[in-house]
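What follows is one structure encoded as structure tokens, with my remarks underneath.
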Amino acid sequence: MLPFTVVKTRMESGRFRYANLIQALVHTYSTEGSKGLFSGLSATLMRDAPFSGLYFMFYTQLKRVFPETQSNSVWSPLAVFGCGLAAGCFASVITQPFDVIKTQIQLNPNQFDSVYQVIHYLYARVGLVAFMSGLLPRIIRRTLVAAMSWTVSKTRRFSRASAISFRCVHCDLDLCIAMLSSSSNP
């Protein structure tokens, strides 16, 4: 998704004052060239490729532990969703250091030229804990999206539906998890 993730990261940080996406892209290109638009590419690849593989590995292993994921019961989608959440959490924790490195490269374009420089800088300045910075928001965002995607894709035909609603005590967000029974094996 580069160069849009570069712009998104910079706009979210508050360090860069862009009025809109186009201005951000033009400014980044005019001041840093194409290198700026694709900053953090190596760290992004080191994060995303392993995340996908780890997620799938954890997901398939967790599905073996919970036979509900293979049944046609009303609880099957909830079990699939739970396996997806857990798999996403595990994969996020393992790949989080590369997300931190990517963010540092994108936010400090004149400071770092390589992944190694960021690793050295963060470790010398903060220690190992620096590589887990921002883990909780990433887990929430990545795992919910991945778990919902797997749940929807694994639940093809619906014969009846019901829902369980939850209110998140931390962000006052309503969550609704649809429980669907499938007429085919998901």
Side-chain angles (χ1 to χ4, degrees), residues 1-13 21 40-104 106-107 128-186:
M1 296 306 303
L2 293 167
F4 295 106
T5 56
V6 173
V7 172
K8 177 184 99 41
T9 299
R10 291 180 179 185
M11 290 178 86
E12 288 175 346
S13 76
L21 176 67
L41 176 62
S42 57
T44 300
L45 294 173
M46 286 188 257
R47 175 197 69 181
D48 290 350
F51 179 88
S52 297
L54 289 165
Y55 181 91
F56 187 72
M57 179 197 69
F58 286 128
Y59 176 76
T60 55
Q61 294 304 311
L62 286 166
K63 276 185 57 174
R64 289 181 185 176
V65 174
F66 297 100
E68 294 84 9
T69 62
Q70 305 300 320
S71 72
N72 288 331
S73 82
V74 71
W75 296 105
S76 179
L78 193 57
V80 168
F81 186 77
C83 289
L85 279 178
C89 288
F90 297 146
S92 291
V93 168
I94 294 169
T95 59
Q96 180 63 18
F98 296 109
D99 191 58
V100 172
I101 293 165
K102 173 206 68 86
T103 302
Q104 287 298 316
Q106 291 175 344
L107 292 179
L128 287 175
V129 71
F131 298 100
M132 290 294 134
S133 176
L135 179 61
L136 186 59
R138 182 167 181 252
I139 283 177
I140 291 169
R141 180 178 46 89
R142 291 287 302 250
T143 59
L144 284 175
V145 170
M148 284 188 254
S149 297
W150 276 102
T151 303
V152 169
S153 73
K154 295 296 178 190
T155 309
R156 293 185 198 111
R157 292 185 224 157
F158 316 121
S159 60
R160 64 179 191 258
S162 59
I164 298 176
S165 294
F166 299 94
R167 179 166 289 270
C168 178
V169 294
H170 299 292
C171 61
D172 204 32
L173 177 71
D174 285 321
L175 302 171
C176 179
I177 301 173
M179 298 186 318
L180 308 165
S181 69
S182 174
S183 59
S184 64
N185 195 3

Closest heavy-atom pair and its distance - Val100, Ser133:
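Distance-wise, the nearest heavy atoms are CG2-O, 3.4 Å.
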Shortest non-hydrogen contact between Gly84 and Ala147, atoms and distance:
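Looking at all heavy atoms of both residues, the shortest contact is C-CB, 3.7 Å.
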Answer yes or no: are there more than 12 heavy-atom neighbours, outside Phe66 itself, under 6.0 Å from its atom CZ?
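Counting other residues, nucleotides and ligands, CZ of Phe66 stays at 12 neighbours or fewer.
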Does Gln106 use its side chain to pair, donor to acceptor, with the backbone of Arg10 at less than 3.5 Å?
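Such a contact is absent between Gln106 side chain and Arg10 backbone.
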Separation of [Y] [atom2] from [X] [atom1] (nearest 0.5 Å):
| X | Y | atom1 | atom2 | answer |
| --- | --- | --- | --- | --- |
| Lys102 | Ser42 | NZ | OG | 11.5 Å |
| Leu136 | Cys89 | CG | SG | 9.0 Å |
| Ser92 | Arg47 | OG | CZ | 9.5 Å |
| Arg138 | Thr143 | CZ | OG1 | 10.0 Å |
| Phe51 | Arg142 | CZ | CZ | 4.0 Å |
| Asp48 | Thr5 | CG | OG1 | 9.0 Å |

Intermediate values then yes/no, side-chain contact (heavy atoms from CB on, under 4.5 Å), Phe131 and Ile101
CA-CA 8 Å; Phe131 298 100; Ile101 293 165; 4.3 Å; yes
Audit row: Val80, Tyr59, side-chain contact (heavy atoms from CB on, under 4.5 Å) steps and yes/no:
CA-CA 9 Å; Val80 168; Tyr59 176 76; 3.2 Å; yes
May I ask you to test the Pro97-Met132 pair for a side-chain heavy-atom distance under 4.5 Å?
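SC-SC contact between Pro97 and Met132 confirmed.
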Let's go through Ile94 and Phe58 carefully: what are the C-alpha distance in whole Å and the side-chain angles of both, what is the deciding distance for side-chain contact (heavy atoms from CB on, under 4.5 Å) to 0.1 Å, and is it a yes or a no?
CA-CA 12 Å; Ile94 294 169; Phe58 286 128; 3.9 Å; yes
Please report the C-alpha distance between Val93 and Gln96 in whole Å, then the side-chain angles of each, then the deciding distance to 0.1 Å, and finally whether the side-chain contact (heavy atoms from CB on, under 4.5 Å) criterion is met.
CA-CA 5 Å; Val93 168; Gln96 180 63 18; 5.9 Å; no
Output all residues satisfying side-chain contact (heavy atoms from CB on, under 4.5 Å) with Ala86, sequence neighbours left out; order by chain, then residue number.
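For Ala86, the residues satisfying side-chain contact (heavy atoms from CB on, under 4.5 Å) (neighbours in sequence not counted) are Leu62, Phe90.
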